[in-house]
Asker: 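Supplied in structure tokens, the structure appears directly below.
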Amino acid sequence: MMIELNGVSVTQPNAPELSILDIENWSVDYRQTVFVHGPSGSGKSTLLNLVSGLLECREGSISVLGERLDQMSRRRRDRFRANHIGYVFQRFNLVSYLNAIENIELARSFSERGDRKTSADTIRPLLDSLNVASREWLKPVSQLSMGQQQRVAIARALVNRPELLVADEPTSSLDQDNRDTFLSVLMSIIEEHKMTLLFVSHDMGLAGHFTKVQALNDINRVV
Ligand code: ADP
Ligand code: MG
């Protein structure tokens, strides 16, 4: 399994009596593209933070690529994420004064993986494949449109060739046409690199692009 959760429970950090997630068993197979939907506040971002090791799993077990995240220190989880997981944040989290290439190079510098090819060999084709025009590559990303920043954020998440990509509502700032184009491009990259995708959103209109569609309410026993 790419992802496996057993008996996982997450409570609010400042109010431990309030549950956010209570997941008995949930798994994602290698090379699945999974769409998990739920309304705002239902725990989608919390689930991704757990799976990527940003959030400590205090109760239950969570494995990614057969490795137990719940048994790792924060430092090891951070290293594991840098080497194996690409994360597309809802608000992109790009460094605003750096340009696209520099943002992506920064992500490359955290990973211990792969060849050390020059950025021209890895970053430029990636930006090309995501339809970021070369005239945009050297501008501070704060000067790019939301749609362009979005695609730079995806390129950054993909640059270390992670086995798993997690995406937190990455289409929320795009209009319908751009949304469908974006998902088609994303799916072809996922397919080409034989990756697994875990994508969360409230927008059910996206469901048709995925191999597996689940409501968070069907996974999570907290109502
Ligand atoms: P979603 O991504 O589906 O909108 P979240 O995972 O962000 O949902 O949040 C789920 C619930 O957990 C919400 O009620 C939210 O207020 C609460 N929550 C999430 N993170 C924290 C935190 N750091 N401190 C307190 N409450 C939190
Ligand atoms: Mg969220």
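Ligands are counted one by one from 1 in listed order, and the atoms in each one are counted from 1 as well.
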Asker: Return the set of residues passing side chain to side chain donor-acceptor pair (under 3.5 Å) with Q176 (not counting sequence neighbours), or none when no residue passes.
Answerer: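 Once residues adjacent in sequence are excluded, the partners of Q176 under the side chain to side chain donor-acceptor pair (under 3.5 Å) criterion are D180.
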Asker: Would you list the protein N, O or S atoms within less than 2.8 Å of the Mg ion (ligand 2), leaving out water?
Answerer: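 The answer, once waters are left aside, is S45 OG.
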Asker: Give a yes or no on whether V34 and Y87 share a hydrophobic cluster (residues Ile, Leu, Val, Met, Phe, Trp, Tyr; joining criterion: side-chain heavy atoms under 4.5 Å apart).
Answerer: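 Yes, V34 and Y87 fall within the same hydrophobic cluster.
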Asker: Quick check: are there more than 12 heavy atoms from other residues, nucleotides or ligands sitting under 6.0 Å from CZ of R31?
Answerer: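 Enclosed: over 12 neighbouring heavy atoms sit under 6.0 Å from CZ of R31.
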Asker: Show every salt bridge (Lys or Arg N to Asp or Glu O under 4.0 Å) that has at least one partner inside residues 200-219, sequence neighbours left out.
Answerer: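 Residue pairs with at least one partner in residues 200-219: R179-D203.
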Asker: Which heavy atom of E105 sits nearest a heavy atom of I123, and at what distance?
Answerer: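 Where E105 meets I123 most closely, the heavy atoms are CG-CD1, 3.5 Å.
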Asker: Step through the shown structure and confirm whether more than 12 heavy atoms of other residues, nucleotides or ligands are within 6.0 Å of CZ on R68.
Answerer: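 Yes.
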Asker: Can you classify the ring geometry of H84 versus F80 as parallel (below 30°), tilted (30 to 60°) or perpendicular (above 60°)?
Answerer: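 If you compare the ring of H84 with that of F80, the planes turn out tilted.
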Asker: I need the contact residues for ligand 1: any residue with a non-hydrogen atom closer than 4.0 Å to the ligand, ordered by chain then number.
Answerer: Q12, P13, N14, I20, P39, S40, G41, S42, G43, K44, S45, T46
Asker: Among R81, R76, R75, find the one that has a salt bridge (Lys or Arg N to Asp or Glu O under 4.0 Å) with D78.
Answerer: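 Among R81, R76, R75, the one that satisfies the salt bridge (Lys or Arg N to Asp or Glu O under 4.0 Å) with D78 is R81.
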Asker: Answer yes or no: is there a side-chain heavy-atom contact under 4.5 Å between V185 and L130?
Answerer: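 Yes. Closest side-chain heavy atoms under 4.5 Å.
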